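These numbers come from the heavy atoms of this one structure, side chains and all, not from hydrogens, waters or symmetry mates. Predicted model, so just to flag it, every value in this text is computed and none were measured.
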Amino acid sequence: MSKLESFNKFNKIFKIAENFYVYLFFFYAMLGSINITHGSKIITPVMWLSFIIGFGIIVYRLFNYKKYYKMPALAALTLLLFSICLSTVLNYNYSFKENFILCVYWAISFYIIYTRHEDKTSEEIKKDTELFLKIFICYMTIAVIVSFVFLAAGVSERIIRPETGDEIYIGFVIGRLWGVFLNPNQGAMSAALASAMLVYFIIKTRKKWLKALFIADIFCMFMYIALSDSRTGAVCNGIIFGTFFLCLFLYKTREKKLWLKIVSVFLSFLIIICGFIVPRQLKNIYNEGITLTNSILHEEENDDREDLSDALIDRGYDLSDDISNRRFDAWKGAVELFLDSPHTVIYGCSFRGFTEYAKENQPDNYLVNNDYLDFTTLDNEFFNILDANGLIGIASAVFLIVCVLASLIKNYFKVEKRYQPIIIIGVTTAIGLAAASMFGSVIFYNFSPNMVTFWFMLGSAMKVIKNSKEVKNK
């Protein structure tokens, strides 16, 4: 075998390894986001395997940077990574280990999950993306069904991990369905994503029985969003479906009259509203059903049958007079912390360290001085970046948004019709999770399947757009 043949064979094997790594990293994120496996011994070997292989892939890509550096928005992502590394080093006395791990997550997300090989065709991107969608749908379908089984079986557990002190909820606890998800808001967002992915395959398939199966699965996803009582999930659901159909309508009416485009925008806004309202109404219907069933079961005064009122969806721990559920106060505290000194303004306090910094330098700040708990996240990615990475981080994030939107707006209608669905589902996923990140840590500081999905789907859309742009320029 010649050296050229050996080199080509190695490159082929390496590309397979790159594709496999996406699913390994997703599996690692999934293990940490399921309450049954969170904190278990299986995570450690998967984590180290992910880090070691990821390091090898990044080193290889650095030596072959010419095949990767033209990926859209990669310069902005590099600046973002620089901002978190700088903040971690300069705030080394605040949770250095945890911040360093975040740096690793960002490097893997930006340089492996998001970035694609220069020679990767749109057809290959399409196949890779559809496989990812199928895996995500299967993961969510199983997780949601098991969550419903927990609800039916009356599973309601509160576990405190002795090694970390983490409080874990399993099943139906404190008036909402957690099921198998460590965080029901993240689970609800994933359910919204899975619903849009199912619509993608409903449009794609011609088999009626598959369409019916996918519709039933969408109903299950909507029911989880409802029973988890996640307002963030409902917002994400509305934005995702509105964006999906807006992209679809605009592409189909690109050569039509202006009034059709205006109608498309109006219909998309209606879909956003419906996407938010439907899960909230399903929650109300569920509660009415439980109340009615409970009254029928206990018509007799001495009836000793089980009281079903404990199964009502009712988050009694929310602040009834605060629509933001403490977020506004936390964001105000975040601004106060940001303005504390020149270094907090320029490069921040680090994400895992801003709570410690506040205790030392602003003990009266709401983040560490309230009747609830110490805030370790600001439930908004803008304020997270502001406090964690300072102006350098914010400037990098704005640069990233500008790069992505400029590439999308300029080249969206240049994409071939057969690859348009990949752009639509990629953009839909990115915008939906970006919107949800205004109410929680989603795409930067909370390592989860949603974070992996965001960077993978955004990378797919940007690479197809780049390929289409290059074809048009030839």
Side-chain angles (χ1 to χ4, degrees), residues 185 188-204 214-215 218-219 221-226 228-285 323-325 327-328 379-382 398 401-402 404-413 415 417 420-440 442-443 450 453-454 457-458 461 465:
N185 290 328
M189 283 183 257
S190 294
L193 290 178
S195 297
M197 294 173 184
L198 285 161
V199 171
Y200 172 91
F201 286 112
I202 287 174
I203 295 173
K204 183 181 174 64
F214 294 157
I215 291 171
I218 290 174
F219 177 75
M221 298 301 162
F222 274 44
M223 280 303 299
Y224 181 80
I225 298 171
S228 68
D229 199 17
S230 172
R231 288 164 296 194
T232 302
V235 169
C236 184
N237 193 59
I239 296 292
I240 282 174
F241 275 90
T243 304
F244 187 98
F245 286 102
L246 177 62
C247 292
L248 187 63
F249 294 156
L250 288 179
Y251 189 77
K252 288 185 177 295
T253 60
R254 64 191 183 280
E255 297 177 356
K256 306 293 183 181
K257 294 182 179 180
L258 178 62
W259 70 269
L260 280 174
K261 294 181 175 66
I262 295 173
V263 170
S264 298
V265 174
F266 177 73
L267 287 175
S268 298
F269 275 111
L270 287 180
I271 292 171
I272 289 174
I273 295 170
C274 291
F276 174 80
I277 290 176
V278 169
R280 308 304 289 172
Q281 288 302 312
L282 285 174
K283 166 195 150 182
N284 294 335
I285 293 171
I323 192 174
S324 74
N325 198 23
R327 285 182 175 87
F328 292 157
D379 283 338
N380 179 290
E381 294 289 38
F382 171 81
V398 170
I401 294 169
V402 170
V404 170
L405 290 180
S407 182
L408 180 63
I409 293 171
K410 187 177 180 180
N411 302 295
Y412 179 70
F413 296 112
V415 178
K417 183 178 180 180
Q420 194 63 30
I422 293 298
I423 301 297
I424 292 174
I425 193 64
V427 169
T428 293
T429 300
I431 292 179
L433 289 177
S437 72
M438 295 298 99
F439 307 99
V442 182
I443 58 181
N450 291 333
T453 302
F454 175 88
M457 296 302 295
L458 181 62
I465 284 175

Indicate yes or no: at least one non-hydrogen side-chain atom of [X] is less than 4.5 angstrom from one of [Y].
| X | Y | result |
| --- | --- | --- |
| Val442 | Asn185 | no |
| Lys410 | Ile465 | no |
| Val235 | Phe276 | yes |
| Leu433 | Leu193 | yes |
| Ile240 | Thr429 | no |
| Thr453 | Met197 | yes |
| Leu246 | Phe249 | no |
| Tyr412 | Gln420 | yes |

Rounded to the nearest 0.5 Å, how far apart are [atom1] of [X] and [atom2] of [Y]?
| X | Y | atom1 | atom2 | answer |
| --- | --- | --- | --- | --- |
| Cys247 | Ile431 | SG | CD1 | 6.0 Å |
| Met457 | Ile425 | CE | CD1 | 5.5 Å |
| Phe245 | Ile272 | CZ | CD1 | 12.0 Å |
| Arg327 | Asp379 | CZ | CG | 4.5 Å |
| Cys236 | Arg231 | SG | CZ | 15.0 Å |

Can you check whether [Y]'s main-chain N or O pairs, donor with acceptor, with [X]'s side chain at less than 3.5 Å?
| X | Y | answer |
| --- | --- | --- |
| Asn237 | Gly233 | no |
| Glu381 | Ile443 | yes |
| Arg280 | Ala226 | no |
| Ser407 | Val404 | no |

Tell me the closest heavy-atom pair linking [X] and [Y], and the distance in Å.
| X | Y | result |
| --- | --- | --- |
| Ala461 | Ile423 | O-CD1, 3.3 Å |
| Thr428 | Ile424 | OG1-O, 2.6 Å |
| Ala234 | Ile225 | N-CG2, 3.9 Å |
| Leu250 | Phe413 | O-CE2, 3.5 Å |
| Ala191 | Tyr224 | CB-CD2, 4.5 Å |
| Gly242 | Ile271 | N-CG2, 3.7 Å |

Indicate the ring-plane relationship of Phe222 and Phe241, choosing parallel, tilted or perpendicular according to the 30° and 60° boundaries.
->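 Perpendicular: the ring planes of Phe222 and Phe241 meet at over 60°.
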
